[in-house]
Novice: 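Please find one structure pasted underneath; my questions will follow.
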There are 2 protein chains.
Amino acid sequence: MATLADVARRAGVSPATASRIINGSPKPVTDALRERVLAAVEELQYVPNAHAQQLARNHRSAVGVIVHDVSDPYFAEITRGLQRVATEHGRLVIICNTYRDPDRELEYVELLRANQAAAIILAGSGYHDEQFTHTLDAKLRVYQATGGHVAVIGRHEHTGHAVIPANEAGGHLVGAELFGLGHTRVGVVAGPRHLTTTTDRLAGLRRAAREHGQKFGARQIVYADFERAGGAAATAALLDAQPQLTAIAALNDSMAIGALALLRERGIDVPGQISVVGFDDMPIAADVMPALTTIRLPLADMGARAMTLALQPPEPLNTPQIEHVEAVLVRRGSSGPPPSGA
Amino acid sequence: MATLADVARRAGVSPATASRIINGSPKPVTDALRERVLAAVEELQYVPNAHAQQLARNHRSAVGVIVHDVSDPYFAEITRGLQRVATEHGRLVIICNTYRDPDRELEYVELLRANQAAAIILAGSGYHDEQFTHTLDAKLRVYQATGGHVAVIGRHEHTGHAVIPANEAGGHLVGAELFGLGHTRVGVVAGPRHLTTTTDRLAGLRRAAREHGQKFGARQIVYADFERAGGAAATAALLDAQPQLTAIAALNDSMAIGALALLRERGIDVPGQISVVGFDDMPIAADVMPALTTIRLPLADMGARAMTLALQPPEPLNTPQIEHVEAVLVRRGSSGPPPSGA
DNA sequence: GCACGCCCGGTAAGCGCTTTCCCGATTACG
DNA sequence: CGTAATCGGGAAAGCGCTTACCGGGCGTGC
């Protein structure tokens, strides 16, 4: 691996000069030298060692993003938004997948700290786990204390900037729609109960139920993984426990798609016999069979906003900013009134 | 930011000892000292500076992955596989999105080289661009010359290990299926013509056509972006040029989904009036409306294999390994025989 | 009881780069 | 023409860590 010293030697200059030329330092340098150095760089295929640079310059530049799983379209969209603004600012982003393992989340903030990340962005639901939340918060505070910026998406329990989707209101929208259509037997395909996203959305659903003089019994809610397979499994369980269901509210689109798949497999017509509503409006929601009625969250935009917050200069008053983002209902083919007999 | 020196001072030992304890060096250390150091680490919330470590140790550990776009399910799946094996090996992976910009691809290999990546994995189609291919290859060779490992997925034009999907054979499978069903007017929704994936798949399609005594005219192939929107646009163009089409072969699933959307919008029944076949078998292919007949590629597995190749110890004979991966046809609801009148 | 070796810990030399400080040579100015 | 200001370039001090290498205190064997 060619080093700066090699380049300097070959060009017959000092490393200092070579460095200045390569990095376009403000210090003026003669054109003759510049050319020699540039030529040497080319010949040697020299690329500066980023670690050495980082160490010598001693200021952070990369930004870290911790998500549950980028291959999940929900996070993929958020990440897309994040990346866009990061690129605009010339920042490298390091993506870390926790696969929903809280411990891994902790490890990654250390890793990002170790890598001198300028900011850490935490995307995705928080956990109902006092101990964990406390530990994570402590780590984040230490990071902030040393000048790191932190922004979270979809969590409210931490220090730092936050972009918060209207999970409760969205859940309420779903409930209002379904009960408004006349459904009285609504099942919920929920995500893991230790995720705050699950409980927030559920809370909205419950509020809507109350407003319509209804309530969710224990058997009407099934918890499973926030994924396609989880949605299918939960739907199966729901159907077994409550055969007379006329509507299913899935707490995210992946689960809704799993629900749709299971329903199709069992020959149950959607929305003829059972309506299905999702949450998030992932890009494919419009293309599944039938097209999914869901709650739209501006995913990419949320990512972009979080990155913008995280990148902005040390805020004047040191006050973390909170941005709330709205949820809207998108009606598509998967929902309708309950079957007339029901 | 606390440094190793701070920790050492606080524990009353030399930095050397602190380093040895923190990194679990083979050198034996008394328990008393060990505890003091560990306590100091805890109190100071010390995290070693990864850049300094990398510089001092002087051996590569992270691995870089260059993809067109992780938020595209195709790459998301590949990445998932990659990550899995990287994690098993305790490697950090740096994901780089080129958004299909060749220049960005070049920049990223430099960046990865600068960051002392132990390996670079290039996923996604190559480009039909002599100049570019040559430049990239040169850069990769330089990287290899300094001990870097290289693996590519879905390209054949470069040095290094390779995992190559059967694009041509898959295209042939699509053609055989469609012509076998009796279609005679088949349109192709193709990706960008400068991508090798496009031409490879197309070649298979053409071979199948020849075998059935047919051929693709210029107006039967429309090139667009390898994305949903591109698929919709290309389908619209195709329909305008060739209203009597009975089948559409899309060169990837995203485009197929776009085609499906457009067809639905125009009230054209699939597969009653027009059959649609995709390529890749992304996870959602089974859930769209109607479920997509497509060519299955073991995406996650391909990623895993590439990572395995990239991580294996400097090969005995220094010979790059090539792994071919098979394509199989998955019949679902979107394809069938042409309408009887046609 | 003394030499030898073994342990455990510290000292210091880098890793590859940036940047401050300094110095000799121009140039500008009085 | 002397001096000061200016300009281009180099020497060297780190950035935070790892890891030879070294050295003092033991325990052993004779």
Side-chain angles (χ1 to χ4, degrees), chain A residues 1-38 40-41 44-62 110-118 146-147, chain B residues 1-38 40-41 44-62 110-118 146-147:
Chain A
M1 206 68 175
T3 74
L4 182 64
D6 296 333
V7 172
R9 203 171 312 124
R10 181 166 189 121
V13 301
S14 74
T17 305
S19 170
R20 291 197 265 257
I21 291 173
I22 292 170
N23 297 296
S25 113
K27 188 130 186 173
V29 176
T30 334
D31 282 351
L33 289 196
R34 177 183 315 282
E35 273 170 36
R36 291 209 326 256
V37 169
L38 261 20
V41 165
L44 266 43
Q45 286 288 325
Y46 169 73
V47 174
N49 182 321
H51 298 289
Q53 281 189 314
Q54 146 67 38
L55 193 57
R57 292 207 244 257
N58 202 20
H59 64 234
R60 295 90 175 276
S61 114
E110 303 258 287
L111 182 138
L112 258 12
R113 196 145 86 80
N115 280 277
Q116 313 298 110
T146 58
Chain B
M1 207 67 176
T3 73
L4 182 64
D6 296 334
V7 172
R9 204 171 309 123
R10 181 167 188 119
V13 301
S14 74
T17 306
S19 170
R20 291 197 263 257
I21 292 173
I22 292 170
N23 297 296
S25 114
K27 189 134 185 170
V29 177
T30 337
D31 283 351
L33 289 194
R34 177 181 315 280
E35 274 169 36
R36 293 216 315 263
V37 168
L38 261 20
V41 165
L44 266 41
Q45 285 288 328
Y46 169 73
V47 174
N49 182 320
H51 298 290
Q53 281 189 315
Q54 146 67 37
L55 193 57
R57 289 207 246 258
N58 202 20
H59 64 234
R60 294 87 175 277
S61 114
E110 302 258 288
L111 182 138
L112 258 12
R113 196 146 87 81
N115 280 277
Q116 312 298 108
T146 58

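All figures in this text were calculated on a predicted structure; none of them were measured in a lab. Numbers restart at 1 for each chain; the letters A, B, ... are given by sequence-line order, proteins then strands.
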Novice: With distance as the sole test, does A:Thr30 use its side chain to make a donor-acceptor pair with the main-chain N or O of A:Ala32 at under 3.5 Å?
Specialist: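 Checking the backbone N and O of A:Ala32 against the side chain of A:Thr30, no donor-acceptor pair under 3.5 Å is found.
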Novice: For nucleotides 22-27 of chain D, which of its nitrogen or oxygen atoms have a protein nitrogen or oxygen under 3.5 Å away, and what is each distance?
Specialist:
none

Novice: Does B:Gln54 reach the side chain of A:Asn115, with side-chain heavy atoms less than 4.5 Å apart?
Specialist: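 When only atoms from C-beta onward are counted, A:Asn115 and B:Gln54 do not touch, as no gap falls below 4.5 Å.
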Novice: Mind checking what makes side chain to side chain contact (heavy atoms under 4.5 Å, CB included) contact with A:Ala16, not counting sequence neighbours?
Specialist: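 For A:Ala16 the side chain to side chain contact (heavy atoms under 4.5 Å, CB included) partners, ignoring immediate neighbours, are A:Ser14, A:Arg20.
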Novice: With sequence neighbours excluded, what pairs up with A:Leu112 under the side chain to side chain contact (heavy atoms under 4.5 Å, CB included) test?
Specialist: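 Side chain to side chain contact (heavy atoms under 4.5 Å, CB included) list for A:Leu112, sorted by chain: A:Ile66, A:Ile94, A:Cys96, A:Ala117, A:Ile120.
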Novice: Under the side chain to side chain contact (heavy atoms under 4.5 Å, CB included) rule, collect the residues that match up with B:Arg36, sequence neighbours excluded.
Specialist: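 Counting only residues at least two positions away or on another chain, B:Arg36 forms a side chain to side chain contact (heavy atoms under 4.5 Å, CB included) with B:Ala11, B:Val13, B:Leu33.
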Novice: Nearest whole Å is fine: how far is C:dC8 C1' from B:Leu33 CG?
Specialist: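 Answer to the nearest Å: 9 Å.
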Novice: Whole angstroms only, please: what is the CD1-C1' distance between B:Ile22 and D:dT19?
Specialist: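 Rounded to whole Å, this separation is 15 Å.
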Novice: Going by heavy atoms in the side chains, are B:Met1 and A:Asn58 under 4.5 Å from each other?
Specialist: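 A side-chain contact under 4.5 Å is absent here.
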Novice: Can you check whether A:Asn49 reaches A:Thr3 side chain to side chain, under 4.5 Å on heavy atoms?
Specialist: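 No; the side chains remain at least 4.5 Å from each other.
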Novice: Could you write nucleotides 11-17 of chain C as a row of B, S and -, 5' to 3', where a protein heavy atom under 4.0 Å of any base atom gives B, of only sugar-phosphate atoms gives S, and otherwise -?
Specialist: B--BBBB
Novice: Which residues satisfy the side-chain hydrogen bond (donor to acceptor under 3.5 Å, both in side chains) test with B:Glu35, sequence neighbours excluded?
Specialist: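 B:Glu35 satisfies side-chain hydrogen bond (donor to acceptor under 3.5 Å, both in side chains) with no residue once adjacent residues are dropped.
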